[in-house]
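Data block below; observations after.
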Amino acid sequence: MKKTFGVLVLFFLFIACHKADIVEPIVEENPELSLAVPADFPEMNTSVAQNKPTKFGVALGEKLFNEKRFSVANTISCGSCHQKENAFADHHPKGVGVYDRVGLRNAPPVQNMAFMKFYNWDGNVLQLEKQPLVPIITHEEMNSSIVEVISKISAGGEYQKLFKKAFGDINITPDRIYRSIAQYEYTLISANSKYDKVKRNEGEVFTETEKRGYQAFLNKCATCHSTGLFTDQSFRNVGFPLNPSTEEAGRSRVTGIPSDYRSFRVPSLRNAEFTAPYGSFGQFAALIDVLNYFDNGVLDADNLDPILKANGNRIPLTETEKHDIISFIKTLSDEDFVGR
Amino acid sequence: MISNIRLVKADGTEFPYHVNDLDKGATVVNQAKPQTLDYVLSNIPAGAYKQIKFGLGIKRELNTLDQVKFPKFYVATGANDTKMMWEWGTGYRFTKLEGFYEADNKEMSIHTGSTIEGTAGAYTQGVDAYREIVLDLTTNAVVGRKVPKITIYADFDKLLSGKTNTLTLKTGTGMGDNATPNIHTADQMVKFVDNLGGDGTSDIKGMFAISNVEN
């Protein structure tokens with residue numbers, strides 16, 4: 001019996017060798033990954049269709065995302081500020097780059113990017129593929145250049161293999177770096193929180209506090225923090241304390257529209273539990289501080305959001321409501337996503 | 001920052017000078033470096049030229065900080081004494097004026113650059129700070145056995161007292177404050193752009209004028 005089995009194996013090996021002689025060198029298949037659209041999420045950014053995530057594109061992107069040689073001193077990767085356990089954000093008020101240089105704004109979480117129309121606090125980037133170069137060259141972030149990055153990661157030959165698997169040949173190009181990082185980020189979808197499970201009737205139920213919090217949220221927060229992303233992706237001046245930097249103008253830095261002055265993209269509330277501090281430059285240490293601020297009254301401005309203006313520049317909230325809303329926001333925490 | 005140079009012959013035909021190659025056809029004119037005030041155009045076809053056109057800034061298609069395609073220009077603009085890159089806009093700074101103003105020497109820092117997104121005719125957001133300058137030569141520049149020299153005068157008085165806008169510098173962090181350290185809003189920036197480079201319609205000269213053509 002044993003002998004017969006051995007003969008069979010040999011026979012197959014022979015066939016395999018024979019085939020290899022006549023066909024092209026084997027290229028490992030690199031299947032496209034399908035991205036599911038969670039319930040109530042908006043349509044995908046049209047750029048995703050131009051850069052569909054593939055198995056090896058995403059794997060390469062993840063490795064590059066965590067590549068510290070992107071920074072001039074080999075100390076900072078994308079993942080240094082965008083930490084998985086914090087929903088790909090961090091706990092610094094403002095981004096901290098090479099040599100502890102401090103940037104202008106709070107590092108935003110990298111989640112559900114495939115479904116967003118605008119990136120960054122001021123929406124200057126509309127295509128995710130155009131973002132990776134910005135931190136690479138910015139003085140307060142990585143302070144490097146794309147040619148320097150390519151030169152560093154080309155050493156050793158390891159990356160060439162990964163680029164070949166992802167893109168078909170060993171060439172390491174800027175475009176492929178940007179595309180693979182974006183592919184990886186497109187796969188970072190968070191839609192498996194308690195809230196999602198409740199909505200999908202998967203057996204989980206809200207506690208009484210969470211239920212009241214959800215109602216209060218719908219009444220007082222959901223106009224801006226809408227859809228399954230918990231942001232309507234609009235830019236609003238909500239009268240938060242002002243960044244003292246004279247570089248900061250919010251959305252109007254990009255658009256040149258006066259009514260966009262000091263307006264910022266409404267942030268998603270998903271995984272907010274993990275992304276303190278809050279605000280465009282980390283003005284608020286905790287969620288309760290944000291709610292207290294809205295309750296006490298915000299800074300006035302010509303272009304203050306009309307909803308706030310109509311309500312005396314505040315969102316009145318009782319102490320119970322604040323407590324309940326925070327309980328509800330915590331149901332948006334996705335433990336699977338952050339790996340906790 | 002000057003690019004997209006075109007020389008117009010007496011018969012109206014245009015000679016584009018490396019208009020799609022920033023390494024060969026674009027330059028940073030830096031008042032702090034006198035050697036950058038002269039820019040030599042080589043291999044120009046012989047003939048008489050009546051007009052010069054150029055871009056103040058970089059046209060949208062090339063304004064991407066492409067270090068691989070244009071390594072020389074990337075180095076020239078990223079150099080520590082120049083810093084003509086606008087990192088967050090992933091484009092170049094088109095003009096940069098830094099100094100002090102008024103008796104108490106308040107800081108002034110005016111940078112211009114584009115934030116435009118989308119394709120021509122269908123821009124989705126942002127402002128276009130690139131301007132096309134068209135200057136008629138005072139007399140035809142004759143390229144042949146001799147090398148003509150065109151002197152272009154840039155009048156920085158136009159920064160505040162331009163054809164399009166009359167501006168007053170203001171320090172602060174408010175919407176209208178326009179002096180430090182960068183202009184806060186693209187809205188304020190465009191007023192300077194229109195003064196320096198013209199508004200693209202009624203003014204296509206901005207601060208520039210031909211002061212002399214030497215054959």
Original post:
Under 6.0 Å from the CG atom of A:Asp100, do we count more than 12 heavy atoms belonging to anything else shown?
Top reply: no
When rounded to the nearest 0.5 Å, the distance separating CD of A:Gln127 from CD of B:Glu117 is 7.5 Å
Heavy-atom closest pair (B:Ala186 atom, A:Thr255 atom, distance to 0.1 Å) is CB-C, 4.2 Å
Cut-off 4.5 Å, heavy atoms of chain A, and the answer for B:Thr124 is side chain
Whatever's closer than 4.5 Å to a heavy atom in chain B on A:Pro135 counts as neither
Would the number of heavy atoms belonging to other residues, nucleotides or ligands and lying under 6.0 Å from NZ of B:Lys69 be above 12?
-> no
The reported gap from CG in A:Asp122 to CH2 in B:Trp88 (rounded to nearest 0.5 angstrom) is 6.5 Å
The residue among A:Asn124, A:Leu133, A:Thr138 that forms side chain to side chain contact (heavy atoms under 4.5 Å, CB included) with B:Thr90 is A:Leu133
Side chains of B:Tyr74 and A:Ile146 in contact at under 4.5 Å (non-hydrogen atoms): no
Between the CG atom in B:Leu65 and the CD1 atom in A:Ile136, the distance rounded to the nearest 0.5 Å is 11.5 Å
Heavy-atom count check: over 12 atoms from other residues, nucleotides or ligands less than 6.0 Å from B:Asn43 CG?
no
field: More than 12 heavy atoms of other groups within 6.0 Å of B:Tyr153 OH
entry: no
Turns out that what part of B:Val190 lies under 4.5 Å from chain A's heavy atoms comes down to neither
Separation between NE2 (A:His139) and NZ (B:Lys83), nearest 0.5 Å, reads 5.5 Å
Quick check: does any side chain N or O of B:Gln125 sit under 3.5 Å from a backbone N or O of A:Gly123, one acting as donor and the other as acceptor? yes
Checked A:Leu126, A:Asp260, A:Ile150 vs chain B; the most non-hydrogen pairs under 4.5 Å come from A:Leu126
Tell me if the NZ atom of B:Lys163 is crowded by more than 12 foreign heavy atoms within 6.0 Å. yes
Okay, A:Pro174 and chain B: the region with an atom under 4.5 Å from a heavy atom over there is side chain
Scored by heavy-atom pairs under 4.5 Å with chain B, the best of A:Val147, A:Asn243, A:Asn303 is A:Val147
- Task: Step through the shown structure and confirm whether more than 12 heavy atoms of other residues, nucleotides or ligands are within 6.0 Å of NZ on B:Lys33.
- Result: yes
ask   = Are there more than 12 heavy atoms of other residues, nucleotides or ligands under 6.0 Å from atom NZ of B:Lys24?
value = no
